[in-house]
Enquirer: 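Dumping the structure here so I can ask a few things about it.
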Amino acid sequence: MTNLFASATDSPQPVAAPVAGPGRAVLQLTGIEKVYQTRTIETVALNHVNLTIHQGEFVSVMGPSGCGKSTLLSIMGLLDEPTSGTLELDGRPVQSYSDKELARLRNHKIGFVFQSYHLINDLSVLDNVELPLLYRAGVGGKERRQRAYAALEKVGLGARTGHFPSQLSGGQRQRVAIARALAGEPEIILADEPTGNLDSVMGEEIMDLLLTLNREQGTTIVMVTHDEQQALKTQRLIRFFDGSQVS
Amino acid sequence: MFFSYLKIAWKVLLRRKFFTLISLVGISFTLMILLVGVALYDRAAGAYAPEQHPDRLLFGSYMQLKMSGNGEMKVRPSYWLINQYLRKLGPGTQVGISGEVQAVAAYVGGRKLALALKPTDGGFWQVLQFRFLAGRPYSEQQARSGEAVTVISARTARQYFGAGQPAVGQVLEANEKRYRVVGVVADVPTMRFHAYADLWAPYEPSALERQPEVPFGESELLMLASSAAAVPDMRAALRRAVAAIPMDDDSRIAFLPSTLGESVADRLLARYNWTSKPVQLFQALSGGAVALLLLLPALNLISMNVSRMRERASEIGIRKAFGATAGTLAGQFVVETLVLTLLGGLLGLLLAATLLRGLSGSYLAAYGDFQPSLIVFGWALAATLVFGLLSGAYPAWRMARLSAVEALKHART
Ligand SMILES: Nc1ncnc2c1ncn2[C@@H]1O[C@H](COP(=O)(O)OP(=O)(O)OP(=O)(O)O)[C@@H](O)[C@H]1O
Ligand SMILES: [Mg+2]
């Protein structure tokens, strides 16, 4: 099966949130292609994607399962390399960065919320949320704890800091994962179905949290979602299907 | 950063209690067994009184004897043979003779005291350096004339005469024979079988041991060279002296002098007739045992680490996604292994010290005062660290170099 990630549409989407006006391009994808080669088949997960994410934008991505949304986020989050094409971060191609610089960029610029939480089971909730700050020079233990605690308060888990992931429900785990992405106060948040496992009330709250973050802090957000309602609240919707682009 | 590594390591180890426990048991038991084994061997063959200079000592405990009409036999020399032919081995060489330890009985206030008596000549006290707490050894003259004198151990003195009571000059009666005590020496461990006894008295050879022309008996030849460098000369002198013994046409004697270490190996293995080369066998066996012992915790660590890799893979992916570099991650795993190994090492040292303490007071090793060797501890710990690092950190380092997405694919939480 070949999945075509359609080129980004430039036509404006129905927008509910206030438009801050397009800033400079933070992420620029040009001709991005990702091919997974297994023994039996070759899967084209991304097919020549051209896309620009501007500073301060809140973009949502929609599309059927298996069409490459998570793959796209991994590449934008510097977790994976495209098979071909170029990704520019703040106008500089990421291929030109060393491994160390990439780690630094992931730490300072990007906050990831994974579709399947990806918490470290051996660490407490608080320790999990401290993670981005742990790898940041000049942040002491006390400040780390304070900031992690504040992030957990924001997602309504201030009372569960000592729990371990296995002691939490799916929704709570997702909120921990969101707190972890917030804790480092990154410029860009890449969220892969952040509300997929939450009930509609909690989903609303998380959505409001992201909207506030985007509005007040100017955090750039790219969010994969299956929820039309949520997508309509964002400034731009990128939609794609198998092999065809839909605006 | 090191401190936060330590903290992470500590947390991970606490969370994985089962893994931590198994690893600790593996490492600490290995170290304990090594330390106890070496301490026992050291106490048997190391440089302690009365064998303070093992590098200058040789023991003629056995000889290869071929007599007409018979095959070869490994036998002990007789008193007659040593006394007649092997007393003079050149200037600078001290020679002594001793017999097998005999069980004798003494009575203190109606209570029986079972004692081990070792018959010796006067030269025995020159070859071995006993630590005299009071008095002195009997002379060659006294030994030859069969005077009823004895040197006793501190414990015997305490048991027979009472703690703090003078023993030298007093009379000790054993097997209905009255001995005058001429000296008191520090206790000798049973493992020091060339020297060990509760009391020592002049050698009164049995009729068989004295009988001319009978080369085999139950005696032992002890030799001390003036220096370690003079030992080969001493061996040569012994060979010449043995060659000069008049023999029948088909008969032949060859002495098998052994060092202290060789005689310990011999005692451990040769009496079971497993081998004609007990020393080599002992070295091979102990070398193999050490390798196996060290391999155990290493294999243990490797298998545990491999089985954990799946889970660790997702951890690595997550940490990378939030800014950990490959170097940082490798550092974290190194510290984790270090902490585990050091903990296991300390535990092993503690166990060994406790066990040796218990052994020191036991009958098995009477008078043994065991200490774990810090040098062995250091080497064993270093070996475990190397294994630990190879088994734990090397795979982790490889994992750390995976791309974050690759690592995350390994586990879906
Ligand atoms: N490591 C991999 N090896 C082989 N194929 C892969 C790999 N990762 C993803 N794929 C394939 O790439 C395609 C895109 O996967 P991706 O996870 O990006 O989809 P998605 O849009 O996020 O789907 P969903 O909405 O279900 O999360 C799928 O067909 C998937 O099977
Ligand atoms: Mg997905």
Side-chain angles (χ1 to χ4, degrees), chain A residues 34 36 45 70-71 73-75 77-82 98-124 126-137 139-141 144 164-166 170 173 177 180-181 183-184 186 190 192, chain B residues 1-20 304-305 308-333 335-336 339-340 396-413:
Chain A
K34 182 70 185 179
Y36 289 112
S70 296
T71 307
L73 248 59
S74 294
I75 287 173
L78 314 178
L79 302 184
D80 208 355
E81 285 172 8
S98 70
D99 282 355
K100 244 185 150 153
E101 287 169 320
L102 285 176
R104 212 182 118 77
L105 288 172
R106 282 194 286 263
N107 183 258
H108 283 259
K109 280 210 175 280
I110 298 163
F112 223 102
V113 180
F114 295 99
Q115 188 172 358
S116 44
Y117 330 127
H118 283 320
L119 300 175
I120 298 177
N121 292 325
D122 290 330
L123 298 184
S124 71
L126 192 68
D127 287 335
N128 263 291
V129 176
E130 279 184 21
L131 204 62
L133 300 168
L134 186 68
Y135 297 115
R136 195 170 293 184
V139 182
R144 217 160 50 215
F164 284 90
S166 57
R173 286 182 212 186
R180 177 175 61 185
L190 303 171
D192 200 346
Chain B
M1 200 67 214
F2 180 74
F3 183 70
S4 68
Y5 282 165
L6 267 186
K7 227 178 90 185
I8 295 173
W10 185 246
K11 279 179 182 164
V12 168
L13 294 179
L14 274 188
R15 270 299 276 176
R16 301 168 186 266
K17 289 200 180 65
F18 183 69
F19 166 80
T20 307
M304 296 301 270
N305 276 319
R308 280 195 317 163
M309 251 332 146
R310 221 179 82 101
E311 216 178 326
R312 301 238 75 166
S314 79
E315 180 187 335
I316 286 165
I318 295 164
R319 289 185 185 275
K320 282 199 124 174
F322 287 95
T325 60
T328 316
L329 285 173
Q332 181 198 322
F333 291 114
V335 170
E336 233 172 77
V339 168
L340 194 63
W397 178 74
R398 288 196 50 189
M399 295 297 293
R401 294 175 61 84
L402 277 181
S403 91
V405 181
E406 279 301 310
L408 285 173
K409 285 267 158 61
H410 283 253
R412 295 258 146 196
T413 10

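Throughout, protein chains are lettered first and strands after them, A, B, ... in sequence-line order, and every chain is numbered starting at 1.
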Enquirer: As an exercise: rank A:L102, A:L105, A:L78, A:N107 by heavy-atom pairs under 4.5 Å with chain B and give me the winner.
Expert: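 Highest number of pairs under 4.5 Å: A:N107.
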
Enquirer: Can you tell me how the ring of A:F112 sits relative to the ring of A:F114, calling it parallel under 30°, perpendicular over 60° and tilted otherwise?
Expert: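 A:F112 and A:F114: parallel rings.
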
Enquirer: If you measure from CG on A:L73 to CD on A:Q115, what distance do you get to the nearest 0.5 Å?
Expert: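 Taking CG in A:L73 and CD in A:Q115, the distance rounds to 10.0 Å.
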
Enquirer: Let me know if A:D99 has heavy atoms under 4.5 Å from chain B in its side chain, its backbone, both or neither.
Expert: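 Contact with chain B is absent: no heavy atom of A:D99 under 4.5 Å.
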
Enquirer: Identify which of B:A326, B:A324, B:G327 forms the greatest number of heavy-atom pairs closer than 4.5 Å to chain A.
Expert: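 Among the listed options, the one with the most contacts to chain A is B:A324.
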
Enquirer: For A:S124, give me all partners under side chain to side chain contact (heavy atoms under 4.5 Å, CB included), at least two apart in sequence or on another chain.
Expert: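 With sequence neighbours excluded, A:S124 shows a side chain to side chain contact (heavy atoms under 4.5 Å, CB included) to A:L126, A:D127, A:F164, given in chain and number order.
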
Enquirer: State the OG1-NZ distance between B:T328 and A:K100, to the nearest 0.5 angstrom.
Expert: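 B:T328 OG1 to A:K100 NZ: 7.5 Å, rounded to 0.5 Å.
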
